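What follows is a short report on a single structure.
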There are 2 protein chains.
Amino acid sequence: MAQRKVISFENIRVACRNCTLSQLCLPMGLVAEDVDRLDGIIKRSRPMHRGDHLFRGGERFRSLFVVKTGSVKTYAPSSEGGEQVLGFHLPGEIIGLDAIEKDCHACSAKVLETSAICEIPFHRLEELASSIPSLQHQMFRLLSKEIGHDAEMLLLLGKKNAEERLAAFLISMSKRLSKRGLSATDFYLSMSRHEIGNYLGLAVETVSRLFTRFQDEGLLNVDRKHVQVLDLRSLEGIAGIVQAEDHQQHSN
Amino acid sequence: MAQRKVISFENIRVACRNCTLSQLCLPMGLVAEDVDRLDGIIKRSRPMHRGDHLFRGGERFRSLFVVKTGSVKTYAPSSEGGEQVLGFHLPGEIIGLDAIEKDCHACSAKVLETSAICEIPFHRLEELASSIPSLQHQMFRLLSKEIGHDAEMLLLLGKKNAEERLAAFLISMSKRLSKRGLSATDFYLSMSRHEIGNYLGLAVETVSRLFTRFQDEGLLNVDRKHVQVLDLRSLEGIAGIVQAEDHQQHSN
DNA sequence: AACTCTGCTTGATTTGGATCAAGCGTAATC
DNA sequence: GATTACGCTTGATCCAAATCAAGCAGAGTT
């Protein structure tokens with residue numbers, strides 16, 4: 001126990017204050033001193049590999065997890081054996097927020113590629129939030145953001161057709177990756193066509209056909225998991241994103 | 001300003017501490033003294049009527065709203081003129097949580113029938129939460145609950161067919177109403193068939209046909225907005241609610 | 001009572017995407 | 001280099017629910 005308080009060389013290297021994601025993640029809006037206090041409760045694990053679970057549905061809720069590098073999918077069992085992919089999580093994004101209420105995980109989280117993950121014991125985070133108003137505020141914001149994102153997904157699944165869904169998915173990936181300093185037009189998808197289809201409420205075959213169609217129409221080049229977006233504007237048009245008057249505030 | 005501190009007879013009558021919803025709503029888990037502090041920041045308005053808005057998309061976010069009596073729907077504009085119904089809100093439920101992050105409402109909230117609404121200025125609630133750990137915890141729980149509920153909706157829209165969706169909707173209404181002390185099997189729906197269909201991602205005609213079919217199959221009696229559930233178990237079966245409690249680890 | 005409006009129901013037809021059914025390409029294993 | 005396996009693509013067929021099209025019933029108005 002006492003040993004954990006020793007700040008090792010490793011811990012300094014990976015500390016929140018040096019993390020390029022700190023402005024997307026929990027530390028956002030915190031002063032340096034508070035970032036260090038937050039840093040003090042975060043556990044960092046060995047790298048995790050494709051297929052490893054952060055947690056499984058049914059397990060007791062203890063910690064939130066943040067993707068540092070790599071990617072993670074969350075999914076829930078559906079009534080008849082199948083599963084529903086609930087989301088794909090990129091660096092800086094927080095996983096496990098839905099478990100706070102029931103104190104138990106309702107979904108599972110599995111890493112899609114070799115990933116580094118930060119673990120945050122929730123009760124310690126709550127204690128800290130009580131004494132750091134800007135951390136409390138940031139946590140409310142993060143929870144709220146998740147709700148807003150879910151509402152967008154409801155709209156997508158309730159009102160959009162297959163083409164609009166895939167376009168919206170690609171635009172979302174593009175936006176999120178570029179926020180993390182990666183290319184908005186050239187990226188690798190870590191999830192399978194099957195997982196994309198599941199997430200978007202479409203059959204694998206439909207997803208595959210749409211990738212082909214988008215390529216035929218000159219919107220993108222696709223080679224397996226490698227996507228190059230050639231016409232971002234048209235893709236946004238298909239996704240139903242109004243570009244005239246693009247009123248700031250497009251977070252996510 | 002000074003006048004607002006005078007506790008009027010009216011305020012005492014409708015105070016949180018006397019509210020039958022307090023165990024479903026924000027005061028849950030708070031000691032009496034803290035309930036009174038919470039009560040001190042809540043504004044109560046004149047009754048609102050069918051069609052009135054609590055807020056509209058685009059407006060600055062200032063307050064959360066809680067339904068005290070009646071019901072409210074939230075909805076967002078979809079790309080082509082239409083709208084997506086995001087939720088129906090019953091007494092004790094909190095509205096506006098998705099706006100915290102952007103500091104601006106992305107959706108609109110409209111009352112479906114004559115309703116009483118409590119308004120909670122968010123910045124004051126945040127201040128209070130900083131000094132009352134159990135209130136902070138309850139707010140995290142409420143935000144988390146909303147996320148969990150949205151995940152259920154994603155599963156519904158992504159994986160369930162029309163019949164399963166309507167059954168799940170009716171079961172949800174039944175459960176929520178009975179929690180509020182009303183009948184689980186005999187209730188009035190305050191929303192139109194059109195709104196139900198919109199919410200569930202179905203055409204009005206499909207909703208109407210399903211009500212007829214459920215009635216023909218002896219699952220319920222329907223007369224306009226009045227629903228009597230005759231066979232709750234079968235309805236749960238259709239909705240895909242496993243009653244045998246057998247959720248092993250569906251990995252993948 | 002007749003008229004209108006709006007929300008709901010019912011029937012006929014269409015269709016987007018699911019499902020079924022092969023094949024194909026790449027990567028891992030032998 | 002052959003073999004297997006899995007993920008992806010492509011084509012053919014099918015079906016659940018959307019759309020189109022009336023008609024109907026209750027609530028409010030004249």
Side-chain angles (χ1 to χ4, degrees), chain A residues 49-51 73 78 80-85 110 112-113 156-170 188-217 220-227 238 240, chain B residues 49-51 73 78 80-85 110 112-114 156-170 188-217 220-227 238 240 252:
Chain A
H49 301 102
R50 176 168 179 77
K73 79 162 177 178
S78 79
E80 288 314 310
E83 70 182 43
Q84 170 70 44
V85 174
K110 185 149 93 168
L112 290 168
E113 61 190 315
L156 183 137
L157 291 174
K159 294 279 165 299
K160 301 198 174 188
N161 66 23
E163 190 178 59
E164 293 166 336
R165 292 181 198 191
L166 187 63
F169 169 73
L170 291 168
Y188 283 80
L189 297 173
S190 58
M191 67 296 291
S192 69
R193 300 283 192 271
H194 182 85
E195 287 166 327
I196 296 171
N198 186 308
Y199 178 59
L200 297 175
L202 300 172
V204 202
E205 295 94 328
T206 305
V207 174
S208 180
R209 276 184 252 271
L210 285 169
F211 270 118
T212 307
R213 195 201 299 175
F214 285 166
Q215 180 158 276
D216 291 348
E217 289 169 348
L220 28 95
N221 272 336
V222 195
D223 176 35
R224 233 165 139 58
K225 293 186 182 300
H226 182 201
V227 175
I238 292 170
Chain B
H49 301 102
R50 177 169 177 76
K73 79 161 177 179
S78 78
E80 288 315 310
E83 70 183 39
Q84 170 70 43
V85 173
K110 187 148 90 166
L112 291 168
E113 61 190 314
T114 303
L156 183 138
L157 291 175
K159 293 281 166 297
K160 301 199 176 189
N161 66 24
E163 190 179 59
E164 293 166 335
R165 292 182 198 190
L166 187 63
F169 169 73
L170 290 168
Y188 284 79
L189 297 172
S190 59
M191 68 295 291
S192 70
R193 299 285 192 268
H194 182 85
E195 287 165 327
I196 295 171
N198 187 307
Y199 177 59
L200 298 175
L202 300 172
V204 203
E205 295 93 328
T206 304
V207 174
S208 180
R209 276 184 253 272
L210 285 169
F211 270 119
T212 306
R213 194 201 300 176
F214 285 166
Q215 180 157 277
D216 290 349
E217 290 170 345
L220 26 98
N221 272 336
V222 195
D223 177 34
R224 239 165 135 59
K225 294 184 180 300
H226 182 200
V227 175
I238 293 171
N252 172 40

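A, B, ... follow the sequence lines: proteins, then strands. Residue 1 opens every chain. Since the model is a prediction, treat every value here as computed from it, not as a measurement.
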Checklist line | Whole-Å distance separating the NE2 atom of His226(B) from the C1' atom of dG26(D) | finding: 17 Å
Next item on the list: Measure from NZ on Lys160(B) to P on dA16(D) and round the result to the nearest Å.
Entry: 18 Å
Margin query: To the closest 0.5 Å, what do you measure between OG1 (Thr114(B)) and NE2 (His49(B))?
Written below: 4.5 Å
Check: Under 3.5 Å, side chain of Gln84(B) to main-chain N/O of Ser78(B), donor-acceptor pair present?
Finding: no
Margin query: Base, sugar-phosphate or nothing for Ala203(A)? Non-hydrogen atoms, less than 4.0 Å.
Written below: base
For residues 201-208 of chain B, which side-chain donor-acceptor pairs fall under 3.5 Å, sequence neighbours excluded?
none

Next item on the list: Round to a whole Å and report the spacing from CD of Glu164(B) to C1' of dA16(D).
Entry: 12 Å
Notebook entry, point to check: From Phe211(B) CZ over to Leu166(B) CG, what is the distance, rounded to the nearest 0.5 angstrom?
Noted result: 5.0 Å
Mind listing the side-chain donor-acceptor pairs of residues 188-199 of chain B below 3.5 Å, one per line with the distance, residues two or more places apart or on another chain?
residue, atom, partner, partner atom, Å
Ser190(B), OG, Ser71(B), OG, 2.7
Ser192(B), OG, His194(B), N, 3.4
Ser192(B), OG, Glu195(B), N, 3.1
Ser192(B), OG, Glu195(B), OE1, 3.4
Arg193(B), NH1, Arg224(B), O, 3.4
Arg193(B), NH2, Arg224(B), O, 2.9
Glu195(B), OE1, Ser192(B), N, 2.9
Glu195(B), OE2, Lys73(B), NZ, 3.0
Asn198(B), OD1, Lys159(A), NZ, 3.3
Asn198(B), OD1, Val85(B), N, 2.7
Asn198(B), ND2, Glu83(B), O, 2.7

Next item on the list: Measure the distance from CG on Leu200(A) to P on dA18(C) and round it to the nearest whole Å.
Entry: 11 Å
Note to self: So Gly201(B), base contact, sugar-phosphate only, or nothing? Heavy-atom distance under 4.0 Å.
What the structure shows: sugar-phosphate
Notebook entry, point to check: Taking five pairs at each end, how big is the angle between the two axes of the helix from dA1(C)-dT30(D) to dC30(C)-dG1(D), to 10°?
Noted result: 30°
Look for any protein N or O under 3.5 Å of an N or O in nucleotides 7-10 of chain C and output each such pair with its distance, or none.
residue, atom, partner, partner atom, Å
dC8(C), OP1, Arg193(B), N, 3.4
dC8(C), OP2, Arg193(B), N, 3.1
dT9(C), OP1, Arg193(B), NH2, 3.4
dT9(C), OP2, Arg193(B), NE, 2.9
dT9(C), OP2, Ser208(B), OG, 2.9
dT9(C), O5', Ser208(B), OG, 3.0
dT10(C), OP2, Thr212(B), OG1, 2.6

Notebook entry, point to check: With His226(B), which residues qualify under side chain to side chain donor-acceptor pair (under 3.5 Å), at least two apart?
Noted result: Asp186(B)
Notebook entry, point to check: How would you list, by chain and number, every residue that makes a side-chain contact (heavy atoms from CB on, under 4.5 Å) with Glu163(A), sequence neighbours excluded?
Noted result: Asn161(A), Leu210(A), Arg213(A), Phe214(A), Ile238(A)
Margin query: So, taking the atom named CG in Leu157(A) and the one named CG in Leu156(B), what distance separates them when rounded to the nearest 0.5 Å?
Written below: 10.0 Å
